[in-house]
*Asks:* 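Below is the structure I would like to discuss, written out as structure tokens.
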Amino acid sequence: MARKIQAIRGMNDILPDQSSVWLYLEKTVAEVVKSYGYQQIRFPIVENTDLFKRGVGETTDIVEKEMYTFEDRNGESLTLRPEGTASCVRAADQAGLLFNQVQRLWYTGPMFRYERPQKGRYRQFHQIGVESFGMATSDIDAELIILSARLWQKLGLLEHVELQLNTIGLASEREAYKAALVEYLTEFKDQLDEDSQRRLATNPLRILDSKDESTQSVLKDAPNLEDFIGEESQAHFQRLQAILEANNVPYVINRRLVRGLDYYGKTVFEWVTSHLGAQATVCAGGRYDGLVEQLGGKATPAVGFAMGIERLILLLETLDLIPSQAKFSTDVFMVSMGDDAELASFTLSETLREAHSNLVVLRHCGGGNFKKQMKKADSSNARFTVIIGQDEVDQGVCQVKDMTTGEQVSCKLDQVTTHITNTIR
């Protein structure tokens with residue numbers, strides 16, 4: 001027997017009993033973003049490696065350690081996308097959608113990062129991203145956050161997540177702060193964790209969100225980023241807070257929140273939960289006004305966020321918030337005995353589907369005796385079983401059994417649709 005080939009570690013199949021929940025989440029997101037005027041954009045999973053080096057940042061963990069990069073047959077360096085924002089900017093700018101224009105875009109699809117797989121974190125994972133271009137004021141920051149809050153409300157998650165906010169100011173303000181932070185931390189380098197020691201020379205802001213207790217102890221007396229933020233950035237942040245408060249969106253200010261990608265500036269935010277252990281962040285984003293220009297386009301203000309689908313589904317499952325209608329179910333199971341009954345069963349199945357596009361009608365195929373077919377009907381968990389034999393064909397009727405009550409009635413073929421519809425109601 002040939003050796004079975006297994007899925008690559010950290011890249012998981014989405015099986016039929018899971019896919020209905022994915023569809024529920026994706027449908028809910030699509031409805032919410034559409035109500036705010038966002039249109040979907042789709043782009044390739046493979047991009048030029050320089051897109052992520054320039055966009056995400058060469059000293060980030062993603063670029064340094066996590067990207068799936070390879071050379072194609074022409075010797076060009078390509079990378080499986082590790083995140084969506086850089087690709088969204090590339091696609092929109094290439095199509096001429098950004099300069100002097102306002103765009104509200106969203107996307108969904110797989111991303112790839114080589115890291116240690118664990119629950120809620122995989123090597124192939126799926127994200128939903130929402131991006132806005134052409135608006136520099138804090139009202140669009142607020143709109144995106146309020147949009148995400150509305151999504152949590154529809155999913156039943158609002159009371160289980162917390163919004164954390166910060167401002168990391170302009171690039172010039174961050175550079176001044178970085179210099180002060182590095183000067184301070186250099187004195188305590190031996191007390192920092194290994195990652196933080198490395199980041200001291202490459203990406204010092206990331207040290208702020210280290211989970212290492214020794215590093216956090218050192219940071220207690222470190223310079224505060226807030227002291228380096230200028231009036232423009234502070235005014236932007238204060239207006240954002242005012243809009244959120246006016247719309248009853250609670251938040252906490254987390255001065256250590258910086259985000260892990262180089263392109264962020266001014267507003268940064270995360271939605272976090274206490275129900276998933278170490279995988280606490282379920283949605284994160286912020287403003288990235290310099291990224292379009294950094295990738296070769298004309299200067300364009302932008303803000304967005306991304307959320308991990310696997311982690312959101314894990315949270316919904318943990319809290320038992322997946323509604324019954326989100327799970328796949330069969331409404332009608334068709335049982336037939338004999339060639340004429342099979343033809344009648346086919347015709348009736350299509351009539352039911354034509355009358356009710358959302359009705360799930362499952363026909364037994366492959367033959368088998370009546371007992372075997374009824375056993376399949378029971379295991380299908382269908383609400384109704386419709387039974388047609390030769391006698392029923394001769395009389396122009398069928399037997400309709402309500403599987404929840406056990407009640408079975410004889411029904412004319414042209415009245416089955418009405419009978420089932422009225423019963424469901």
Side-chain angles (χ1 to χ4, degrees), residues 5-30 32-33 38-53 55-57 60-72 76-92 94-95 105-131 148 151 155 259-261 263 271 276 279 281-285 288 291 295 304-317 322 326:
I5 299 174
Q6 302 291 317
I8 297 170
R9 184 167 180 256
M11 299 187 179
N12 301 325
D13 303 308
I14 301 166
L15 301 176
D17 63 340
Q18 302 166 314
S19 61
S20 58
V21 179
W22 282 64
L23 289 170
Y24 158 70
L25 176 59
E26 291 164 351
K27 180 175 182 290
T28 304
V29 171
V32 171
V33 296
Y38 286 77
Q39 299 182 77
Q40 190 178 49
I41 184 170
R42 303 187 184 198
F43 35 80
I45 64 169
V46 179
E47 299 272 12
N48 189 295
T49 300
D50 283 344
L51 175 69
F52 303 113
K53 285 185 175 181
V56 176
T60 59
D61 286 352
I62 292 175
V63 172
E64 286 187 335
K65 301 187 294 185
E66 298 173 0
M67 294 201 312
Y68 280 91
T69 298
F70 60 96
E71 285 191 359
D72 69 4
E76 184 176 8
S77 180
L78 305 179
T79 296
L80 296 176
R81 63 187 185 199
E83 60 96 48
T85 301
S87 290
C88 185
V89 169
R90 194 273 311 150
Q94 183 174 332
L105 306 173
W106 77 280
Y107 52 86
T108 183
M111 312 292 168
F112 303 84
R113 296 183 193 175
Y114 188 87
E115 51 189 346
R116 185 170 64 85
Q118 52 188 294
K119 199 169 187 180
R121 185 189 292 271
Y122 306 104
R123 291 176 176 173
Q124 176 178 312
F125 58 101
H126 297 76
Q127 281 189 339
I128 294 168
V130 183
E131 318 283 2
S148 58
L151 175 61
L155 293 171
R259 304 294 302 130
L261 307 179
Y263 51 63
W271 287 95
L276 295 180
Q279 309 305 322
T281 303
V282 294
C283 174
Y288 52 96
L291 182 58
L295 293 177
F305 67 76
M307 62 186 83
I309 296 180
E310 284 91 346
R311 203 170 293 182
L312 276 175
I313 289 176
L314 179 60
L315 182 58
L316 290 169
E317 291 174 341
I322 298 172

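Only this structure's heavy atoms are used, side chains among them; waters, hydrogens and symmetry mates stay out.
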*Asks:* Restricting to non-hydrogen atoms, name the atom on Cys283 and the atom on Met307 that form the minimum distance, rounded to 0.1 Å.
*Replies:* CB-CB, 4.1 Å
*Asks:* Write down the atom of Glu47, the atom of Ser87, and the distance for their closest heavy-atom approach.
*Replies:* OE2-OG, 3.1 Å
*Asks:* Please give me the minimum heavy-atom distance between Leu51 and Ala86, naming the atom from each residue.
*Replies:* CD1-O, 3.7 Å
*Asks:* Do any N or O atoms from the side chain of Ser77 and from the backbone of Glu71 form a donor-acceptor pair under 3.5 angstrom?
*Replies:* no
*Asks:* Quick one: do Val29 and Thr108 satisfy side-chain contact (heavy atoms from CB on, under 4.5 Å)? Show the steps, please.
*Replies:* CA-CA 10 Å; Val29 171; Thr108 183; over 6 Å; no
*Asks:* Tell me, yes or no, whether the heavy-atom count around Ile8 atom CD1, taken from other residues, nucleotides or ligands under 6.0 Å, exceeds 12.
*Replies:* no
*Asks:* Just do the side-chain contact (heavy atoms from CB on, under 4.5 Å) check on Glu26 and Ile309 with the steps written out, would you?
*Replies:* CA-CA 9 Å; Glu26 291 164 351; Ile309 296 180; 4.1 Å; yes
*Asks:* If we only count heavy atoms from C-beta on, is the Tyr24 to Ile313 side-chain gap below 4.5 Å?
*Replies:* no
*Asks:* What pair of heavy atoms forms the shortest contact from Ala92 to Ile41, and how long is it?
*Replies:* N-CD1, 4.4 Å
*Asks:* Where is the tightest heavy-atom contact between Phe125 and Pro82, given as atom of each residue plus distance?
*Replies:* CZ-O, 3.7 Å
*Asks:* Step by step, would you call Val89 with Tyr288 a side-chain contact (heavy atoms from CB on, under 4.5 Å)?
*Replies:* CA-CA 11 Å; Val89 169; Tyr288 52 96; 4.1 Å; yes
*Asks:* Where the side chain of Arg81 meets the backbone of Phe112, is there a donor-acceptor pair that is under 3.5 Å apart?
*Replies:* no
*Asks:* Find the distance between CE (Met67) and CZ (Arg113) and round it off to the nearest 0.5 Å.
*Replies:* 11.0 Å
*Asks:* Could you list the residues that satisfy side chain to side chain donor-acceptor pair (under 3.5 Å) with Glu76, not counting sequence neighbours?
*Replies:* Asn48
*Asks:* Nearest 0.5 Å, please: how far is CD in Gln6 from CE in Met11?
*Replies:* 15.0 Å
*Asks:* State, to 0.1 Å, how close Arg311 and Thr281 come at their nearest heavy-atom pair, and which atoms those are.
*Replies:* NH1-O, 2.8 Å
*Asks:* Once rounded to the nearest 0.5 Å, what's the spacing between atom CD of Gln39 and atom CG of Leu105?
*Replies:* 7.5 Å
*Asks:* Between Glu310 and His126, is there a donor-acceptor pair closer than 3.5 Å when you use the side chain of the first and the backbone of the second?
*Replies:* yes
*Asks:* Taking it one step at a time, do Gln18 and Asp13 satisfy side-chain contact (heavy atoms from CB on, under 4.5 Å)?
*Replies:* CA-CA 10 Å; Gln18 302 166 314; Asp13 303 308; over 6 Å; no
*Asks:* Hey, could you give me the CH2/CG distance between Trp271 and Leu312, rounded to the nearest 0.5 Å?
*Replies:* 12.0 Å
*Asks:* Are more than 12 heavy atoms, taken from residues, nucleotides or ligands other than Tyr114, located less than 6.0 Å from that residue's OH atom?
*Replies:* no
*Asks:* So, taking the atom named OG1 in Thr49 and the one named CG in Leu80, what distance separates them when rounded to the nearest 0.5 Å?
*Replies:* 9.5 Å
*Asks:* Taking side chain as C-beta onward, heavy atoms only, is Leu25 less than 4.5 Å from Ile322?
*Replies:* no
*Asks:* With a 3.5 Å distance limit and no angle check, can you tell me whether Glu83 reaches the backbone of Thr85 through a side-chain donor-acceptor pair?
*Replies:* yes
*Asks:* About how many Å separate CG of Leu276 and CG of Leu314, when rounded to the nearest 0.5 Å?
*Replies:* 5.0 Å
